[in-house]
Structure formats: structure tokens, C-alpha cells
> 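First the structure, which I've put down as C-alpha cells, then a few questions once you've had a look.
All residue numbers in this chain count up from 1 along the given sequence. This is a predicted model, so every value here is computed, not measured.
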Amino acid sequence: MAYTDPGRTRLAVLGSPIAHSLSPTLHAAAYDVLGVPFTYGRHEVASGGLDAFVAGLGPEWRGLSLTMPLKREVLPMLDRTTPLVDELGVANTIAFRTSGDTVLRYGANTDVEGLVRPVEALGHLPGEATILGGGATATSALTAAVRLGATLVRLFLRDTAKAGALVDLAVRLGVSLEVLPLSELPGTHHGFVVSTLPGGAADDLELVPSGPDAVLFDVAYEPWPTAASTRWAAAGGRVLNGLDMLAEQALGQIRFFLTGDQDELLPAEADVRRAMRASVGLPPTIGDERPSGERPLS
């Protein structure tokens with residue numbers, strides 16, 4: 001396929017910790033189908049280290065994927081941002097683009113779409129949503145819940161005093177937000193839950209589906225299945241895991257890296273998506289995961 005800046009062929013995911021990341025696997029599968037000569041690696045970059053890392057990059061670099069703790073730290077470094085980045089104050093993607101003698105840094109957020117599309121694929125449009133955790137991914141989760149139709153969101157945090165930014169976002173989005181301590185979670189039933197907690201952090205929490213159509217979207221994928229997702233599935237609920245989100249947000253990044261538009265479909269995108277999902281052991285179709293939460297063998 002045709003794309004701009006053909007000399008820019010290097011990409012990577014940055015964050016800390018990063019050794020577990022499957023982003024290189026997903027991106028490699030996509031670039032193989034697309035027939036583009038890109039390489040995609042991973043680099044450990046802790047809080048405070050992003051500016052120095054980017055400053056040391058050469059002209060062969062095309063872009064970066066960002067995970068915690070860098071999704072907010074990147075904002076002052078960006079020359080251009082998408083409206084979603086401006087609204088949320090969170091970016092997970094940088095694309096380097098040549099403009100005359102200048103290299104501009106473009107920022108995008110593909111996490112929201114990474115959450116929206118798998119839920120839509122299940123045909124689940126929640127009127128209410130529950131979010132666990134209050135970090136950068138929770139910001140995207142709140143926006144995704146509203147896009148999916150939620151008019152009431154319950155946010156459970158260990159420290160409710162840290163909900164300020166999410167409360168402000170809820171006002172801008174026009175959604176009712178209830179902020180509750182995690183200690184009040186037991187005994188409640190939920191139709192749609194997004195757990196943005198790190199792998200294993202939700203294992204001791206009591207999560208009960210409200211019925212057979214209830215969905216738990218656990219953004220963790222290592223280790224998988226989590227204890228929370230296993231209990232949810234055993235109680236009859238449906239489960240989406242972090243690899244569903246990772247695959248869809250990666251697809252948005254690939255569009256952005258190649259076309260400059262995270263919403264512009266790729267050539268043979270259905271084939272690209274299938275290859276990406278197969279590369280990390282996901283079934284071809286979202287929602288075909290085993291009820292136990294286990295990944296099918298790839």
C-alpha cells in the first residue's frame with residue numbers, strides 16, 4: 001500500500017513495565033499482511049524518561065505506542081493532537097511526520113475505540129456502566145461508556161479523592177457519575193463493567209453479573225484469565241479481555257501511522273484484523289472466547 005514518509009520504518013511501544021507487551025506481535029502480524037517493511041519493538045521507559053527517549057530518535061522512526069505511565073506525560077511534547085486527545089488529556093500514540101524541514105509530533109488516542117468496538121461487536125449497548133480504577137485508561141473507559149450509550153456511570157476507586165479529573169470529564173460529556181469506594185462493591189450487581197486495574201488487582205473484588213447478557217471488560221491480559229473474569233464467566237456473564245482492546249487500539253494506531261487518520265480503513269482490513277487476533281491467540285470473531293475465559297490455542 002502507498003504511505004507517506006517511506007524512509008520512516010521504525011516503531012515501538014514504550015512504558016514501564018513493558019516486557020509483557022504483545023503489541024510487537026500484533027503490529028508485526030498487521031504489517032506482514034499489508035506488505036510494509038516496518039519493524040516494531042518495545043522499550044522500557046519509566047515516568048520522566050519519555051522526553052529524553054524521543055529526543056534521541058533518528059529520522060528512521062515513524063511512531064510510538066505509549067502505555068502507562070506515559071499517556072499523560074506525552075502531552076507537552078506534541079505539536080498536533082486529535083480532538084479526542086484534547087478532550088481527554090490522554091494520548092497513546094505518537095506519529096512523526098515531516099513537514100518541510102521540520103518533524104512534527106502528532107498525538108492520537110485509540111484506546112477509546114479499542115474499548116468501544118469489542119462491546120459493540122457483542123451487540124451490548126449499556127444504559128449504565130461500572131468502571132474500576134481511576135488512571136488514564138479509566139478516562140478512556142468513561143468516554144467509551146458514554147459513546148456506547150451509558151447515561152449513568154459508577155466509578156469505584158480505592159481513594160475517591162483522586163476522582164477529580166474524571167468528575168470534570170463526566171460534566172463535559174454530560175453523563176451522571178457516581179464515585180464510590182471499592183469497599184462498597186460487594187453485594188452489588190452489574191450489567192457492564194470495565195476493570196482498568198492492573199493484572200491481578202481485581203482478583204479479590206466481588207463482581208457479580210446482573211444477568212446472562214452482562215459484560216465484564218477486563219483490560220488486563222497478563223496473567224489471563226484473571227480470577228475476576230473466571231468468576232464472572234462462571235456466574236453466567238460474558239467476558240472481554242485486554243487483548244480484545246489491545247488488538248483494536250493497535251489497529252487504530254496502524255491506521256494513524258500509515259494514513260494519518262485513525263478512522264480511515266486499511267486495505268483488506270478484515271484480513272489484517274484476523275491476522276492480528278490470531279497472532280495473540282484470539283478467535284477470529286470478537287466474543288467467541290471460551291466461557292471459561294481461557295484463550296483458544298493459536
> Using a 3.5 Å distance criterion without hydrogens, assess whether the side chain of H124 forms a donor-acceptor pair with backbone atoms of D213.
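Checking the backbone N and O of D213 against the side chain of H124, a donor-acceptor pair under 3.5 Å is found.
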> Indicate whether the side chain of E60 and that of T9 have a donor and an acceptor atom separated by less than 3.5 Å.
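The criterion, which ignores hydrogens and geometry beyond distance, is not satisfied for T9 and E60.
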> At what distance, to the nearest 0.5 angstrom, does CG of L251 lie from CZ of R255?
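That separation rounds to 4.5 Å.
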> Output yes when a side-chain donor or acceptor of R231 lies under 3.5 Å from a complementary backbone atom of D203, and no otherwise.
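Present.
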> At what distance, to the nearest 0.5 angstrom, does CG of L132 lie from CG of L207?
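Output value for this atom pair is 5.5 Å.
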> Between R154 and E128, does a salt bridge (charged side-chain N to carboxylate O under 4.0 Å, His left out) hold up when you go through it step by step?
CA-CA 8 Å; R154 295 180 176 88; E128 298 182 0; 2.9 Å; yes
> Quick check for you: to the nearest 0.5 Å, what is the distance between F217 atom CZ and T130 atom OG1?
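Answer for the CZ-OG1 pair, F217 versus T130, is 15.0 Å.
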> When hydrophobic residues are tied together by side-chain contacts of less than 4.5 Å, even through go-betweens, does L155 share a cluster with V119?
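As far as the 4.5 Å side-chain criterion goes, V119 and L155 are connected within one cluster.
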> Take atom CG in D204; do more than 12 heavy atoms of anything else shown fall under 6.0 Å from it?
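No.
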> We want to know whether S65 and Q253 form a side-chain donor-acceptor pair, criterion being a heavy-atom distance below 3.5 angstrom.
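Yes.
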> Just checking, any donor-acceptor pair under 3.5 angstrom between side chains of T139 and R72?
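Yes, side-chain donor-acceptor contact under 3.5 Å.
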> Is it the case that S210 and H190 place a side-chain donor and acceptor less than 3.5 Å from each other?
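Result is no, nothing qualifies.
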> Are R97 and F256 in a cation-pi contact, defined as NZ or CZ under 6.0 Å from the six-membered ring centre and within 45° of the axis?
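Because its charged atom sits under 6.0 Å from the ring centre and within 45° of the axis, R97 does stack over F256.
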> Would you check if T82 and D86 make a side-chain contact, meaning some heavy-atom pair closer than 4.5 Å?
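Side-chain contact under 4.5 Å: no.
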> Does any donor atom in the side chain of S140 or T143 lie under 3.5 Å from an acceptor atom in the other side chain?
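S140 vs T143: no donor-acceptor pair found between side chains.
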> Got a donor-acceptor contact below 3.5 angstrom from the E222 side chain to the H20 backbone?
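Such a contact is absent between E222 side chain and H20 backbone.
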> Would F257 and Y40 count as a close aromatic pair, with their ring centres under 6.0 Å?
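Not under 6.0 Å, so no.
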> Provide the closest heavy-atom pair for A108 versus Q262 in the form atom of the first, atom of the second, distance.
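Residues A108 and Q262, closest heavy atoms: CB-OE1, 3.4 Å.
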> Do V85 and V90 have side chains that get closer than 4.5 Å, going by heavy atoms?
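No. Closest side-chain heavy atoms not under 4.5 Å.
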> Could you walk me through whether F192 and L216 pass the side-chain contact (heavy atoms from CB on, under 4.5 Å) check?
CA-CA 6 Å; F192 177 57; L216 168 63; over 6 Å; no
> Show, in sequence, the C-alpha distance, side-chain angles and deciding distance for V208 and T188, and conclude whether the side-chain contact (heavy atoms from CB on, under 4.5 Å) test is met.
CA-CA 7 Å; V208 182; T188 57; over 6 Å; no
> Honestly curious: do L70 and L84 fall in one hydrophobic cluster under the side-chain, below-4.5 Å linking rule?
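Different hydrophobic clusters.
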> Would you check if E206 and L185 make a side-chain contact, meaning some heavy-atom pair closer than 4.5 Å?
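Not touching, per the 4.5 Å side-chain cut-off.
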> List the steps and the verdict of side-chain contact (heavy atoms from CB on, under 4.5 Å) for T98 and L104.
CA-CA 6 Å; T98 304; L104 298 178; over 6 Å; no
> Is it the case that D111 and N92 place a side-chain donor and acceptor less than 3.5 Å from each other?
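Yes, N92 and D111 have a side-chain donor paired with an acceptor closer than 3.5 Å.
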> Output the distance between atom CZ (F156) and atom CG (L180), rounded to the nearest 0.5 Å.
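Taking CZ in F156 and CG in L180, the distance rounds to 4.5 Å.
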> Is any side-chain heavy atom of L22 closer than 4.5 Å to a side-chain heavy atom of Y221?
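Contact flag for L22/Y221 side chains = yes.
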> How far apart are the closest heavy atoms of V153 and A145, and which atoms are they?
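So the minimum-distance heavy-atom pair works out to CG2-CB, 4.3 Å.
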> If you measure from CG on L243 to CD on E248, what distance do you get to the nearest 0.5 Å?
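Spacing of CG (L243) from CD (E248) equals 12.0 Å.
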> Would you please say whether a donor-acceptor pair under 3.5 Å links the side chains of S229 and D218?
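Judged by distance alone, the side chains do not pair up.
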> For R117, which of R273, M245, Q249 qualifies under side-chain contact (heavy atoms from CB on, under 4.5 Å)?
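Of the listed options, the one satisfying the test is R273.
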> Quick one: pull up CG in L78 and CZ in R105 and give me the separation to the nearest 0.5 Å.
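L78 atom CG to R105 atom CZ measures 8.0 Å (nearest 0.5 Å).
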> Which class fits the ring pair F38 and Y3: parallel under 30°, tilted 30 to 60°, perpendicular over 60°?
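Ring orientation of F38 relative to Y3: perpendicular.
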